[in-house]
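Report on one structure; see the data block that follows.
So you know, we letter chains A, B, ... as the sequences are listed, proteins then strands, and number each from 1. Since the model is a prediction, treat every value here as computed from it, not as a measurement. Side chains included, hydrogens not; waters and symmetry mates left out as well; all remaining heavy atoms used.
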2 protein chains.
Amino acid sequence: MKKKTTIYDIAEKLGLTAATVSRALNNNTKISLNTRKLVLETALEMNYEQNKLALALKSGKSYNVGVIVPRIDSNFFSSVIRGIEEELYPKGYHVIICQTHNQENIENEKINSLVNVQVDGILMSISNANLEENKGFNKLLKNKKTPLVFFDRKKDIKGISSVTIDDFKGGYDATKHLLDQGCNRIAHLSNDRNFEIFRNRYLGYKQALSDNGIEFDESLVIETQSNVLDGRRAARLLLDMETPPDAIFSSSDFAALGAIQEIKESGINIPEDICVVGFSNEPFTRFMELTTITTVDQFPLEMGRTAAQVFLEEVSNTDETKTTKNVVLTPQLIIRKSSLKHKEG
Amino acid sequence: MKKKTTIYDIAEKLGLTAATVSRALNNNTKISLNTRKLVLETALEMNYEQNKLALALKSGKSYNVGVIVPRIDSNFFSSVIRGIEEELYPKGYHVIICQTHNQENIENEKINSLVNVQVDGILMSISNANLEENKGFNKLLKNKKTPLVFFDRKKDIKGISSVTIDDFKGGYDATKHLLDQGCNRIAHLSNDRNFEIFRNRYLGYKQALSDNGIEFDESLVIETQSNVLDGRRAARLLLDMETPPDAIFSSSDFAALGAIQEIKESGINIPEDICVVGFSNEPFTRFMELTTITTVDQFPLEMGRTAAQVFLEEVSNTDETKTTKNVVLTPQLIIRKSSLKHKEG
DNA sequence: CTGTTAGCGCATTCAC
DNA sequence: GTGAATGCGCTAACAG
């Protein structure tokens, strides 16, 4: 375990002072060009590396930001993260990625951990709809030392910025599209509507029905997790109804996939008998062998970039008057085979 | 921007000394139970949080480890990461995830960044087959301050531990299975064989051919990136040959998927005309509507856990005699429809 | 242009 | 049992 070389080492070697070395390393113009060059050279030669920890301790900035997501193995979240990285990396920030696996207690711990390692900010998509009940989160909220930005799965909390898509519109457009296909008994695979995104998709769905004179039927709404198995289970329930639906709008691509599997295995045709629309534009929706899946694109890359920008604004905003920003991006319906009854001209 | 409360604040409030507070907080038995309790209480009350940065600066340990992977949006890597997290989190470590997007320069930068933030170790799957040419990597290697563990995409470097699967066996088993299906003109979608994993899969493929009296035909080996488009491209080349192959062993599930798409669109049947085997057991291989894909499971969760364990051993191993460990897990062939010509009894 | 001094927050050695 | 002093590595204010 060799020790790392510090500015003192190189100061000593050069008969200088640590302060001078520090300044030279930072290209301070007050230092003569000669010594600057000299210092830089010997620093290189001695394999000097700045100790960011000391720097952080001194400056109070770690140049690390934490990103908390439910999972990283979905294209949506990994794309958002990529967007965040793209925006933050050039500014010298590093991204610490944490996944909660949708468990509230892990989310709590991660929040605490990130605060402990002195991240300069936290960008998160919540896993707990009742986040305010968290001790760690509340502490974070109260002292307002660490900027916080929600993306996608946000919570409407005063003073906290967020970047989302217009989930209401996403749900509305998806449902309207199904209506346009001639469907009039449209089921909805929802998810926990304590989360705004799922509530809004649901509300968009309801509104589209209402705007088109279709009566809302609560029995057609099934709460489903974002995974294949749950999609299957939900589809089974729907198929077993006396009057099964002629369309399904799922708030998750994964659940939509499961539903499609279950429906097909029951010998029912998609889209002829039942149309299906998902949500998120996961890559597999495009790669289906038979029935590519209609879905709603959430522009995750842009979402990530925007969230990062909002963070950058907040962190550079020194005055006390914090401006909360709630950016809403517009989703886009992508029509594919799973809902296209009528061949296109 | 309120300031955080430090041990000095609570010392002052209690008419004590920072040293005492520090000891009390650490449950030092030298401190009277009373003051210990008192300190703990007021710490709680004042919302005290230990500054990990100062601690790290003092102790030289950050309790952060870096994980560098080519990408996080594949089930394989995100599962490995999950395994690492599961093992390290209980020990108090945090995982900083970095993705290189397969770009060597980004890999360089990430290595440097992680070293700069004083991670206690780096677990990585390389994106650059000639890693030794990297300045940053070499520095890391030379001073041996930061334990390094390779997983999956490793490089055989003296003194560096690694956790991999037996890729040779993976390639061998996959090929043998295709031979057992009656295929005898088996193509191979390889990837850059400067990487050991791809070279070994390739060598396993060759050995299986040779062991079964099939002559190796170089024109049947196509270098392919791990993505759908490249898989399509490779399949196109194979289909356009005078004598197309009757099987494809792909070193990547993503490429296998692309190949399957291209083959089917050409009106050729899988597995009747061409059998296909992938590698990694990505979830979509199981979810295919018509042709679930035969593939090789790499046990990513176990790989991650093992890599983490190796790291923990290294970091706790204080003496100079570093023991290099090269763990090799055994892969498992998972046979599905894309390669099963004969119905199972 | 460069040196001196001090402090970021903590743990630890040496006193008493 | 507790206090005083010191150092981890760096930067910034103040001198000169």
Of all the choices, [options], which nucleotide is nearest to the side chain of [X] once you look at every atom?
X: A:Arg23; options: C:dC14, D:dA13, C:dC10; result: D:dA13
X: B:Thr17; options: D:dA4, C:dT4, C:dG9; result: D:dA4
X: A:Leu57; options: C:dT2, D:dT2, C:dG9; result: C:dG9

Nearest-nucleotide comparison on DNA chain C, the residue closer to the 5′ end among B:Ala18 and A:Ala54: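 Residue closer to the 5' terminus by nearest nucleotide: A:Ala54.
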
I need the [atom1]-[atom2] distance between [X] and [N], as an integer number of Å.
X: B:Glu12; N: D:dG3; atom1: CD; atom2: P; result: 14 Å
X: A:Asn26; N: D:dA13; atom1: CG; atom2: C1'; result: 16 Å
X: A:Ile7; N: D:dC8; atom1: CD1; atom2: C1'; result: 12 Å
X: B:Asn27; N: D:dG1; atom1: CG; atom2: C1'; result: 15 Å
X: A:Lys30; N: D:dA15; atom1: NZ; atom2: C1'; result: 13 Å
X: A:Leu53; N: C:dC10; atom1: CG; atom2: P; result: 14 Å
X: B:Leu38; N: D:dT2; atom1: CG; atom2: C1'; result: 14 Å
X: B:Leu25; N: C:dA11; atom1: CG; atom2: P; result: 7 Å

Do any side-chain nitrogens or oxygens of [X] fall under 4.0 Å of OP1 or OP2 in [N]?
X: B:Thr20; N: D:dG1; result: no
X: A:Gln118; N: C:dC8; result: no
X: B:Tyr48; N: C:dC10; result: yes
X: A:Thr35; N: C:dT2; result: yes
X: A:Ser32; N: C:dT2; result: yes
X: B:Asn51; N: C:dC8; result: no

Ion pair present between [X] and [Y], side-chain N to carboxylate O less than 4.0 angstrom?
X: B:Lys13; Y: B:Glu45; value: yes
X: B:Glu132; Y: B:Lys155; value: yes
X: B:Lys154; Y: B:Asp152; value: no
X: A:Arg36; Y: A:Glu41; value: no

Does [X] contact [N] through a side-chain donor or acceptor facing the base, at a distance under 3.5 Å?
X: B:Arg36; N: D:dT2; answer: no
X: B:Lys58; N: D:dG7; answer: yes
X: A:Lys4; N: D:dG9; answer: no
X: B:Tyr8; N: C:dC8; answer: no

Any side-chain donor near an acceptor of the partner, B:Asn28 and B:Asn26, under 3.5 Å: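 No, no side-chain donor-acceptor contact under 3.5 Å.
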
Side chains of A:Lys61 and A:Tyr93, donor plus acceptor under 3.5 Å: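 Distance-only check passes for A:Lys61 and A:Tyr93.
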
At under 4.0 Å between heavy atoms, what does [X] touch on the DNA or RNA strands: base, sugar-phosphate, or nothing?
X: A:Thr6; answer: sugar-phosphate
X: A:Leu55; answer: sugar-phosphate
X: B:Ser22; answer: base
X: A:Leu16; answer: sugar-phosphate

